[in-house]
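Quick notes on the structure that follows.
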Amino acid sequence: MTATSLEPLSEPRRARRSIALVFGVHGAVGGTFVTRIPWIQDRLDLSPGQLGLALVMPAIGSSLAMPLAGRVVHRYGGRAAVRGLLSLWCLALTLPALAPSLPALCAVLLVYGATAGTADVAMNAQGVEIEQRLGRSVMSGLHGMWSAGGLVASGFGILAAHLALDARLQLAVTALVLLALAQPVCLGLPDLRSPEESEAPPRFALPPRSSLVIGLVGFCAVFGEGASMDWSGVYLKDVTGASATVAAASYTAFAFTMAVSRLAGDAVVRRLGAVRTSRLSGAVATLGGVLVVAADTPALAVPGFALIGIGVAVIVPLAFAAAGRIGSNPSQAIAGVATVTYTSGLIAPAVIGALAQATSLTVSFGLVTLLALALLLSAGALRRAEPNSAGENVTGLPPENASGKNLSTI
């Protein structure tokens with residue numbers, strides 16, 4: 001898709017609402033799965049190492065499949081691609097609980113990750129296109145909806161676990177509910193398509209080099225996110241002597257902080273612009289990292305992790321928005337950025353653990369702090385994320401009225 005091929009959005013409010021709900025459904029699938037991982041581990045009698053191996057598979061599946069998404073979007077159009085790929089992602093939720101062994105679990109989690117990654121690329125490409133047509137930042141809020149969907153779904157998952165419901169039944173019912181919800185939601189998306197004369201992208205292609213710098217910025221942010229989510233509880237318990245309750249609550253608190261920051265992020269981007277927002281984010285995340293490294297009590301570490309969450313929250317949405325303005329195939333560039341950033345999420349927990357084993361957790365989060373500082377220094381790479389940075393207004397009207405309507409209240 002290219003912005004120059006698009007007709008003005010006839011129903012901009014509906015388009016934004018629909019893509020926001022798509023992000024929410026996508027997040028709900030992931031949020032449901034993570035709450036039943038302990039059930040799957042118990043059913044298959046997996047050791048921590050075996051479970052860790054299995055949980056690497058979704059990231060590998062995503063990374064391998066993401067480059068295919070551009071071809072799907074080009075061939076079928078944005079609406080049909082999102083609808084089809086999101087439907088597959090919902091159905092894939094049923095697979096992990098059905099796996100009878102570790103090898104089978106690894107195989108189904110590869111499929112699970114592949115459907116997640118391709119749907120992720122397609123919906124982010126659609127989000128970028130809608131943002132361009134609106135002429136104002138919406139990507140941070142969309143990712144906030146993803147986080148909110150995950151949090152709401154995880155709440156239902158926790159309730160199901162508390163009631164000792166069989167995960168096979170719970171995941172199947174949840175998958176069907178989310179699949180049913182996805183159909184009318186996706187019908188509200190605009191049918192964004194590539195120009196007929198444009199060349200189809202290859203079935204599998206390496207990301208364009210122009211997206212790699214943007215991807216590296218996202219890499220730094222996702223590294224801090226993954227490290228904090230997976231290791232904050234351990235850090236609070238082992239380094240600051242926090243109680244088991246405080247340590248266990250750290251993930252939920254961090255995820256909540258991320259969701260709120262993303263939902264509020266678009267207003268900040270509209271006021272400050274993408275580059276200044278990124279610099280401010282890097283500064284906040286760096287301050288958070290310093291507090292964590294210096295912490296010897298939970299009272300210092302908890303605000304530190306909260307600041308890291310606030311600081312990295314909007315970086316990935318801005319990275320996708322910037323990538324969507326590269327070249328004639330936004331899906332391919334977004335896939336490139338997604339591959340680089342999600343690789344960071346794959347390796348971050350392992351790197352933190354290895355460095356902590358060799359030195360200490362405090363030193364490990366010194367690395368997180370340095371990568372947060374890199375966000376501050378590399379903010380200029382996200383300049384393309386400005387809604388009008390590439391001059392995509394093709395209607396001849398001011399960006400805030402590109403569809404012929406007043407979009408200020410959307």
Do [X] and [Y] have side chains that approach each other closer than 4.5 Å (heavy atoms only, starting at C-beta)?
{"X": "Leu318", "Y": "Ser140", "value": "no"}
{"X": "Val217", "Y": "Ile315", "value": "yes"}
{"X": "Asp120", "Y": "Ser62", "value": "no"}
{"X": "Leu93", "Y": "Val29", "value": "yes"}
{"X": "Met139", "Y": "Asn124", "value": "yes"}
{"X": "Leu85", "Y": "Thr115", "value": "no"}
{"X": "Val268", "Y": "Val314", "value": "no"}
{"X": "Leu44", "Y": "Leu102", "value": "no"}

Tyr235 and Phe305 aromatic ring geometry - parallel, tilted or perpendicular at 30°/60° bounds: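 If you compare the ring of Phe305 with that of Tyr235, the planes turn out perpendicular.
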
Criterion side chain to side chain contact (heavy atoms under 4.5 Å, CB included) on Val351 and Leu367, from CA distance to verdict: CA-CA 10 Å; Val351 170; Leu367 174 61; 4.0 Å; yes

How many angstroms lie between atom [atom1] of [X] and atom [atom2] of [Y], to the nearest 0.5 angstrom?
{"X": "Leu88", "Y": "Thr118", "atom1": "CG", "atom2": "OG1", "value": "7.0 Å"}
{"X": "Arg168", "Y": "Arg43", "atom1": "CZ", "atom2": "CZ", "value": "4.5 Å"}
{"X": "Ser228", "Y": "Met258", "atom1": "OG", "atom2": "CE", "value": "9.0 Å"}
{"X": "His143", "Y": "Met123", "atom1": "NE2", "atom2": "CE", "value": "6.5 Å"}
{"X": "Leu105", "Y": "Ser101", "atom1": "CG", "atom2": "OG", "value": "8.0 Å"}
{"X": "Thr277", "Y": "Leu272", "atom1": "OG1", "atom2": "CG", "value": "4.5 Å"}

For the backbone of [Y] and the side chain of [X], can you confirm whether one donor and one acceptor N or O come within less than 3.5 Å of each other?
{"X": "Glu131", "Y": "Val138", "value": "yes"}
{"X": "Ser364", "Y": "Ser360", "value": "yes"}
{"X": "His26", "Y": "Ala116", "value": "yes"}
{"X": "Thr240", "Y": "Thr297", "value": "no"}
{"X": "Gln126", "Y": "Pro190", "value": "yes"}
{"X": "Gln183", "Y": "Leu179", "value": "yes"}
{"X": "Ser344", "Y": "Phe223", "value": "yes"}

Pair Ser137-Asp266, side-chain donor/acceptor within less than 3.5 Å: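 Their side chains do contain a donor-acceptor pair, which is all the 3.5 Å distance test asks for.
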
Side chains of Gln41 and Ser47, donor plus acceptor under 3.5 Å: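 The criterion, which ignores hydrogens and geometry beyond distance, is not satisfied for Ser47 and Gln41.
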
Stepwise side chain to side chain contact (heavy atoms under 4.5 Å, CB included) test for Ser154 and Thr32: CA-CA 5 Å; Ser154 68; Thr32 299; over 6 Å; no

Verdict with supporting geometry, Arg17 and Arg14, side chain to side chain contact (heavy atoms under 4.5 Å, CB included): CA-CA 5 Å; Arg17 181 173 61 247; Arg14 184 186 185 200; 3.9 Å; yes

Heavy-atom closest contact ([X] atom, [Y] atom, distance):
{"X": "Cys90", "Y": "Ala175", "answer": "O-CB, 3.2 Å"}
{"X": "Leu236", "Y": "Ala301", "answer": "CD2-CB, 3.6 Å"}
{"X": "Val340", "Y": "Leu216", "answer": "CG1-N, 4.0 Å"}

Worked verdict on Arg262 versus Glu225 for salt bridge (charged side-chain N to carboxylate O under 4.0 Å, His left out): CA-CA 13 Å; Arg262 283 176 168 169; Glu225 178 182 346; 3.8 Å; yes

With sequence neighbours excluded, residues passing ring-ring contact (aromatic ring centres under 6.0 Å, His included) with Tyr112: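 Applying ring-ring contact (aromatic ring centres under 6.0 Å, His included) to Tyr112 gives Phe33, Trp89.
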
Check against side chain to side chain contact (heavy atoms under 4.5 Å, CB included), Leu361 and Ile352: CA-CA 7 Å; Leu361 270 175; Ile352 293 297; 4.1 Å; yes

